[in-house]
Number of protein chains: 2
Amino acid sequence: MSRPTMNDVARTAGVSLKTVSRVVNGEPTVTPDLAARVRAAVETLDYRPHLGASLLRRNDRRTRMIGVLLEDVSNPFSGVLHRAIEEEAHARGVHVLTGSLGEDERRERELARAFRQRQTDGLIIAPTGSDQTYLSRFTGTPIVFVDRQPSGFLADTVVSTNVAGAAVAVRHLAAHGHRRIAFLGDNQRIPTARERFRGYLQALGHRPGPVVHELRGEAAAERATIALLRRADPPTALFTSQNLITIGAVRALRRLDRHRSVALVGFDDFPLADLLEPAVTVVAQHPARIGRVAAGALFERIDGHDGPPREIRVATTLIARGSGEIFATGN
Amino acid sequence: MSRPTMNDVARTAGVSLKTVSRVVNGEPTVTPDLAARVRAAVETLDYRPHLGASLLRRNDRRTRMIGVLLEDVSNPFSGVLHRAIEEEAHARGVHVLTGSLGEDERRERELARAFRQRQTDGLIIAPTGSDQTYLSRFTGTPIVFVDRQPSGFLADTVVSTNVAGAAVAVRHLAAHGHRRIAFLGDNQRIPTARERFRGYLQALGHRPGPVVHELRGEAAAERATIALLRRADPPTALFTSQNLITIGAVRALRRLDRHRSVALVGFDDFPLADLLEPAVTVVAQHPARIGRVAAGALFERIDGHDGPPREIRVATTLIARGSGEIFATGN
DNA sequence: AATCCGGGAGACAACGTTGTCTTGGAGTAG
DNA sequence: CTACTCCAAGACAACGTTGTCTCCCGGATT
């Protein structure tokens with residue numbers, strides 16, 4: 001026995017198919033009496049409209065579903081972003097299809113295509129691949145980027161003020177007397193990582209400290225930090241340009257028992273940063289705000305807004321907690 | 001100009017509608033020559049099949065889409081769970097609709113209904129409401145519960161060994177000489193919370209320590225902990241039965257500078273627990289495994305498995321890190 | 001009293017796809 | 001050389017819904 005259709009409802013209610021349609025869609029031109037009978041029939045049969053058929057016939061093709069592609073739904077930054085987007089969507093009666101990309105370019109393309117095929121009304125993408133040219137075929141599907149700029153394709157983009165934020169972090173360290181401030185950074189393919197490095201360079205004029213790029217994950221950051229501090233001329237302060245790198249650095253400092261003598265400022269806040277010893281000073285991003293703004297922009301586009309692509313920057317905030325306020329010694 | 005249909009492809013390729021359908025669906029009974037022409041036409045027109053129409057006509061009603069309802073995609077436990085489910089789904093070419101419930105019963109019902117209406121092939125639910133009776137109407141949509149048991153409705157359920165895990169935690173404290181071990185717990189409406197309390201009682205025989213329930217969130221837990229420790233006869237050890245409660249307790253211990261003298265074991269691991277001072281001993285759950293197992297069970301059901309509802313328990317692991325190994329003093 | 005008007009309700013077609021049935025032509029066997 | 005088989009390819013209907021058009025009936029207008 002398969003699922004009941006409008007026809008079944010019509011038959012049990014003793015009205016025409018179209019009348020059922022009208023009642024279900026809340027059109028006002030139905031006598032209360034008939035409407036009541038229809039609703040009763042809907043109830044007893046447990047009728048639910050077939051969205052596919054409805055979508056097929058309607059001409060305002062809206063699925064009220066958006067797709068969200070994030071780096072990894074299990075990391076806190078993405079999680080908060082995701083939640084914020086979901087709230088905005090929920091407020092509009094829209095559902096969210098989610099996908100994690102890891103750092104897999106192919107998966108990004110696959111999922112973007114697949115979600116579009118499902119006729120999502122729009123996409124929010126935290127791009128992981130180095131090339132988004134493939135999106136140029138996606139006419140009719142609004143797209144908003146978050147966290148990282150796309151390349152090879154232009155659309156609304158919501159990102160943190162990476163250059164300024166990084167510069168603030170580094171100047172904060174300099175203000176505490178540090179001259180040799182190391183940079184520990186992520187893959188330079190990522191536009192965001194490049195920006196943070198630019199901010200670092202900007203703040204230090206032309207006398208940067210030791211620089212390590214391409215750190216992927218905590219373990220790599222930990223190793224790199226240890227190596228840095230064992231050099232003949234070790235840095236007195238560290239600027240870690242990403243979440244996991246910061247944590248890796250904290251681990252390294254602990255291991256070498258230098259956590260009270262080497263200063264540290266991280267880019268991007270993380271839970272419990274305030275409970276560590278010393279508490280970790282960070283330049284916090286505001287993923288919830290980024291998510292809200294991105295969702296807002298997407299829904300504007302979906303509702304027909306048609307201006308040129310916008311780049312929206314969300315400010316960062318320096319949160320001094322201790323690790324960044326360690327003064328330089330000796331030197 | 002609206003999106004191209006199979007008919008458009010047929011026309012440009014100079015074949016019949018049905019032939020296009022055959023090529024698109026990979027049916028083997030098409031001459032290579034024609035197939036090539038069709039594929040070329042698909043390419044030039046950027047044709048994508050209309051899933052709604054396809055679903056409407058097909059008789060193996062599968063959307064290859066599942067719905068996942070979690071407490072909050074931005075908390076680490078849910079995030080990891082989510083990611084694991086997504087991986088399993090991805091491996092099967094299935095997409096995931098996600099929703100966060102907060103602690104909102106109504107939202108749980110709304111989203112469950114809405115997802116089902118979208119014809120998700122199945123649902124994975126971390127129930128937040130106290131009553132899942134409404135699901136009994138969901139015939140034809142397999143459901144698997146995670147993290148918490150449902151009530152008023154039976155289906156496959158994947159949860160941690162809460163009773164045993166809590167008992168292990170408490171016995172661990174007892175083994176370090178503690179007699180007054182406090183219980184700090186969540187809302188007793190939640191089956192999982194009740195189980196953990198049972199484990200606590202079980203481990204202590206009939207001589208429990210001070211008990212506080214209904215703690216919601218870090219702040220409440222922090223206040224409760226402070227109150228407990230200021231009593232005339234304060235506990236020498238704490239068992240915190242949930243993530244946020246553990247963190248709240250840590251904050252309280254810090255504030256009172258008792259973090260080196262009062263023992264603490266938390267239920268559920270959290271990031272950076274190992275970096276705190278002292279590192280926090282926990283009974284870790286394994287959300288990734290829970291997610292994998294739940295997704296596995298769901299897909300079995302979707303593929304037609306039809307046994308009685310199963311309750312699958314995922315074992316917890318005690319991770320001794322320091323806070324739980326503080327010995328009782330005085331007493 | 002005859003006509004008009006309006007609005008509620010039904011008939012019918014169409015959305016884009018796939019299942020089923022039919023057709024026709026090539027190949028094979030007798 | 002005819003008849004039969006087989007299979008590629010097309011014609012057609014159907015999936016469940018909504019847009020459009022038509023019909024009919026009751027009340028208002030002249």
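Every chain is numbered from 1, with letters handed out A, B, ... down the list of sequences.
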May I ask you to check whether [X] and [Y] show a side-chain donor-acceptor distance below 3.5 Å?
X: B/Asn162; Y: B/Ser160; value: no
X: B/Thr5; Y: B/Asn7; value: no
X: A/Glu103; Y: A/Thr128; value: yes

From [atom1] of [X] over to [atom2] of [N], roughly how many Å is that when rounded to an integer?
X: A/His50; N: D/dC15; atom1: NE2; atom2: P; answer: 12 Å
X: A/Arg3; N: D/dC15; atom1: CZ; atom2: C1'; answer: 12 Å
X: B/Asn25; N: C/dT20; atom1: CG; atom2: P; answer: 14 Å
X: B/Gln117; N: D/dG16; atom1: CD; atom2: C1'; answer: 13 Å
X: B/Asp8; N: C/dG16; atom1: CG; atom2: C1'; answer: 10 Å
X: A/Leu55; N: D/dG16; atom1: CG; atom2: C1'; answer: 12 Å
X: B/Leu17; N: D/dA8; atom1: CG; atom2: C1'; answer: 16 Å
X: B/Asp33; N: C/dA26; atom1: CG; atom2: P; answer: 15 Å

Report yes if at least one side-chain N or O of [X] is closer than 4.0 Å to OP1 or OP2 of [N]; otherwise report no.
X: B/Thr19; N: D/dG10; result: yes
X: B/Ser16; N: D/dG10; result: yes
X: A/Arg58; N: D/dT18; result: yes

Counting only distance, no hydrogens or angles, is the base of D/dG19 paired donor-acceptor with the side chain of A/Arg22 under 3.5 Å? no
In terms of side-chain geometry, is the basic nitrogen of B/Glu300 or B/Arg92 positioned less than 4.0 Å from the acidic oxygen of its partner? no
Is the shortest distance from a Lys or Arg side-chain nitrogen in B/Arg116 or A/Asp46 to a carboxylate oxygen in the other one below 4.0 Å? yes
Choosing from [options], which nucleotide comes nearest the side chain of [X]?
X: B/Met6; options: C/dA14, C/dT17, C/dG16; answer: C/dT17
X: B/Lys18; options: C/dT17, D/dA11, D/dT17; answer: D/dA11
X: A/Arg57; options: C/dC15, C/dG10, D/dA8; answer: C/dC15
X: B/Ser21; options: D/dG16, D/dG10, C/dT18; answer: C/dT18
X: A/Leu56; options: C/dT17, D/dT17, C/dC15; answer: C/dC15

Donor-acceptor contact below 3.5 Å, side chain B/Arg292 vs main chain B/Ile85: no
For B/Thr29 and for B/Ala53, locate the closest nucleotide of DNA chain D by heavy-atom distance; then report the residue assigned to the nucleotide nearer the 5' terminus. B/Thr29
Once you apply a heavy-atom cut-off of 4.0 Å, does [X] come out as touching a base, just sugar-phosphate, or nothing?
X: A/Asn7; answer: nothing
X: A/Val24; answer: nothing
X: B/Leu34; answer: sugar-phosphate

